[in-house]
S.K.: 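Pasting a structure below so you can have a look.
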Number of protein chains: 2
Amino acid sequence: MLIAAVAVADRVGIDGMTMRTLSQDLGVVPMALYKHVANKEDLLDGMVDIVWSEVAAPAQGPDWRSEMRRRSVSLRQALGRHRWANGLMEGRMRPGPANLAAHNAMLGCLRSAGFSFSTAVHTTSALDAYIYGFALQERGLGFETAEESGAVARQKRDLQPPAAMELYPYLIEMVVEMSRGGYDFTVEFETGLDLLLDGVERLRPEWATAGR
Amino acid sequence: MLIAAVAVADRVGIDGMTMRTLSQDLGVVPMALYKHVANKEDLLDGMVDIVWSEVAAPAQGPDWRSEMRRRSVSLRQALGRHRWANGLMEGRMRPGPANLAAHNAMLGCLRSAGFSFSTAVHTTSALDAYIYGFALQERGLGFETAEESGAVARQKRDLQPPAAMELYPYLIEMVVEMSRGGYDFTVEFETGLDLLLDGVERLRPEWATAGR
DNA sequence: CTTGACAAGTGTACGTCATACACCTACCGT
DNA sequence: ACGGTAGGTGTATGACGTACACTTGTCAAG
C-alpha cells in the first residue's frame with residue numbers, strides 16, 4: 001500500500017495523492033486505508049521511509065570521499081524520482097527505520113574514516129543542506145532536460161514586458177543565455193558537490209583538532 | 001492585507017493560514033479577500049514576494065565575497081522569520097518584483113565583480129541550494145537554540161527503545177553528544193557558508209576561462 | 001444635488017478533503 | 001462448530017477553497 005501511495009504521488013503529485021485517489025487506485029473504499037495507517041501523517045511517514053530505503057548507504061572505510069559522493073548522487077536521484085518528498089524528508093517527527101539507518105550510515109562512514117564528532121556533523125549538515133536545496137530548486141524551475149530549459153527560457157524571454165529589460169538587466173542576460181545554451185542540472189549539481197567535498201577535505205584536519 | 005497574511009502564517013503556520021482565519025484576523029468575511037487576490041495561489045505569490053523584499057540585496061562592486069555573505073545571512077534570517085516560506089520561495093510561477101530584483105541583484109553583483117556568466121550561475125545555484133537546504137533542516141529539527149537542542153536530544157535519548165542502541169550506534173552517539181553540548185545553528189550555517197565561499201573563490205579563475 | 005460607476009464587503013451554497021463511528025465478512029486456530 | 005481478528009463498507013461531520021448574486025460606501029461628472 002505504501003508502494004502504491006508512492007506511485008500515486010509520483011504520478012499526480014502530493015496534493016493529488018488524497019486518501020480518496022489512493023483508495024480508488026487500490027480498488028477499495030477510502031476508509032479501508034485507515035486499517036493500515038493511523039492517519040495521513042502516518043502514511044506520509046511511511047512513504048518518506050520508502051524514499052530513504054532507495055538511497056545508497058555509504059560504506060564505512062577510508063574512502064569516505066567517494067562514498068559521500070555516491071550517497072549524494074543517489075539521494076538527489078531519489079528526490080528526483082519522488083519530487084513530492086523534498087519538503088518531507090527532514091521534517092518527520094517519527095523517522096522510520098530506513099531514515100534512521102541512512103543517517104546512521106552517513107555518520108558511521110565519516111566517523112570511521114577518522115572524522116571527529118563535530119566534523120562529521122558539519123559535513124553531514126552542509127552536504128545534506130546542499131542536496132535538499134538543490135533538489136528544491138530543480139523542482140521549482142519547471143524543466144528537466146537541457147533542451148527543455150532552453151525552450152522555457154526562450155518562452156520567458158518572449159513574454160517579458162519591455163519595462164523589465166531595464167529593471168532586471170542581469171536576469172534578462174540569464175534568460176537569453178539559457179535560451180541558447182540550456183542548463184544541465186546534473187553537471188550543475190556535481191560541480192557544486194565536488195566544490196563542497198573539496199572544502200571538507202581541505203578543512204578536515206583543522207576541524208578534527210577543534211572538535212572533540 | 002499581504003502583511004496580515006504573513007503575520008498570520010508566522011503565527012500559526014502555513015496550514016493554519018486559511019482564507020477563513022485570515023479573514024477573521026482582518027475582521028471581514030472570507031469572501032471579501034477575493035476582492036484583493038484572484039485566489040489563494042495569488043495570495044501566496046504576494047506573501048513570498050514580501051519575504052523577498054526583506055532580503056538584503058548584494059551591492060555591485062569588487063567585494064563580492066562579503067556581499068554574498070551578507071545576502072546569504074540575510075536570506076537565512078528571512079527564512080527563519082517566515083518558516084512557512086521555505087518550500088515556496090523558488091517554486092513560484094509568477095515571481096513578484098522583489099523576487100526578480102533579488103535574483104537580478106545576485107547575478108549583478110557577481111557579474112560586475114568579474115565572474116563569467118556560467119560561473120555566476122554556478123555560484124548562485126550552489127549558494128542558494130545550501131541556504132534553502134539549511135533552512136529546511138533547521139525547520140525540521142524542531143528546536144531553535146542550543147540549549148533547546150540539548151533538551152530535545154536528552155529527551156530523544158531517554159525514549160530510545162533498547163534495540164536501537166545496537167542498530168544505530170552512530171546515531172546514538174550523536175544524540176548523546178547533542179544532549180550535552182547542544183547545537184548552534186548560526187555557527188553551523190556560517191561554517192558551511194564560508195566553506196562554500198572559499199570554494200567559489202578558489203575555483204573562480206578556472207571557471208572564468210571555462211565559461212563564456 | 002443627483003447620479004451612477006466602481007471598489008469593497010456580505011451571505012449562501014457547493015464540492016472536496018481527512019476522518020470518526022458503527023457495522024459487516026471472510027478466514028483462522030482451537 | 002465457533003469466536004476472534006484483519007480487513008473492508010457506509011454514513012456522517014466539520015473544515016477547506018471558492019463560485020455567484022447581492023449590498024454598501026465613496027466620489028467624480030452631469
Side-chain angles (χ1 to χ4, degrees), chain A residues 1-51 82-97 139-140 142, chain B residues 1-51 82-97 139-140 142:
Chain A
M1 164 190 169
L2 290 175
I3 312 259
V6 168
V8 171
D10 288 347
R11 184 151 29 85
V12 299
I14 196 68
D15 286 343
M17 201 285 290
T18 69
M19 298 309 264
R20 286 170 157 80
T21 57
L22 174 56
S23 69
Q24 198 161 21
D25 201 83
L26 291 167
V28 294
V29 92
M31 284 309 292
L33 303 177
Y34 287 91
K35 298 292 169 175
H36 301 89
V37 294
N39 47 46
K40 193 166 188 181
E41 197 61 21
D42 190 32
L43 174 61
L44 292 175
D45 283 345
M47 293 168 66
V48 165
D49 216 50
I50 287 190
V51 178
H82 313 293
R83 296 166 113 69
W84 48 268
N86 243 299
L88 307 175
M89 299 290 279
E90 287 287 301
R92 301 293 87 190
M93 272 174 314
R94 245 177 279 285
R139 191 184 48 173
Chain B
M1 164 190 167
L2 290 175
I3 311 260
V6 168
V8 171
D10 288 348
R11 186 149 30 82
V12 299
I14 197 67
D15 286 342
M17 202 285 290
T18 70
M19 298 309 263
R20 286 170 158 84
T21 58
L22 174 56
S23 68
Q24 198 161 20
D25 200 83
L26 291 167
V28 295
V29 92
M31 285 310 291
L33 303 176
Y34 288 91
K35 297 295 166 172
H36 302 88
V37 293
N39 46 47
K40 194 165 187 182
E41 196 60 20
D42 190 31
L43 174 62
L44 292 175
D45 283 346
M47 292 169 66
V48 165
D49 217 50
I50 288 189
V51 178
H82 313 293
R83 297 167 111 68
W84 47 268
N86 243 299
L88 308 174
M89 298 290 279
E90 289 286 304
R92 300 293 87 189
M93 272 174 313
R94 243 178 280 286
R139 193 183 48 172

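Chain A is the first sequence line, chain B the second, and so forth, proteins listed ahead of strands; every chain is numbered from 1.
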S.K.: What is the separation between atom CG on Leu33(B) and atom P on dG11(C), rounded to the nearest whole Å?
M.R.: 14 Å

S.K.: Between the base of dA18(C) and the side chain of Arg20(A), is one N or O donor paired with an acceptor at under 3.5 angstrom?
M.R.: yes

S.K.: Mind calculating the distance between OH (Tyr34(A)) and C1' (dG7(D)) to the nearest angstrom?
M.R.: 16 Å

S.K.: Flag the pair Leu26(A) / Leu33(A) as yes when at least one side-chain heavy-atom distance between them is below 4.5 Å, and no otherwise.
M.R.: yes

S.K.: Within the structure provided, determine whether Val6(A) and Trp84(A) are in side-chain contact (heavy-atom separation under 4.5 Å).
M.R.: yes

S.K.: Return the 5'-most residue of the pair Lys35(A), Thr18(A) with respect to DNA chain C, ranking by each residue's nearest nucleotide.
M.R.: Thr18(A)

S.K.: Rounded to the nearest angstrom, tell me the gap between atom CE in Met31(B) and atom C1' in dT10(C).
M.R.: 10 Å

S.K.: In this structure, how many angstroms lie between the P atom of dA15(D) and the CE atom of Met17(B), rounded?
M.R.: 18 Å

S.K.: Any side-chain heavy atom of Met17(A) sitting closer than 4.5 Å to one from Met47(A)?
M.R.: yes

S.K.: Taking CG from Asp15(B) and C1' from dC17(C), how many angstroms apart are they, rounded to a whole number?
M.R.: 13 Å

S.K.: Rounded to whole angstrom units, what separation is found between the CG atom of Leu44(B) and the P atom of dG17(D)?
M.R.: 10 Å

S.K.: Return the 5'-most residue of the pair Pro30(B), Val28(A) with respect to DNA chain D, ranking by each residue's nearest nucleotide.
M.R.: Val28(A)

S.K.: So if I take every side-chain heavy atom of His36(B) and compare against dA18(C), dT10(C), dA8(C), which nucleotide ends up nearest?
M.R.: dA8(C)

S.K.: Leu43(B) has an atom CG; how far is it from atom P of dC16(D), in whole Å?
M.R.: 14 Å

S.K.: Please state how far atom CG in Leu26(A) lies from atom C1' in dT9(D), giving the value in whole angstrom units.
M.R.: 15 Å

S.K.: Identify whether any heavy atom of Lys40(A) sits under 4.0 Å from a base atom; if not, whether one sits that close to sugar-phosphate; answer base, sugar-phosphate or nothing.
M.R.: sugar-phosphate

S.K.: Are Leu88(A) and Val51(A) close enough that some pair of their side-chain heavy atoms sits under 4.5 Å apart?
M.R.: no

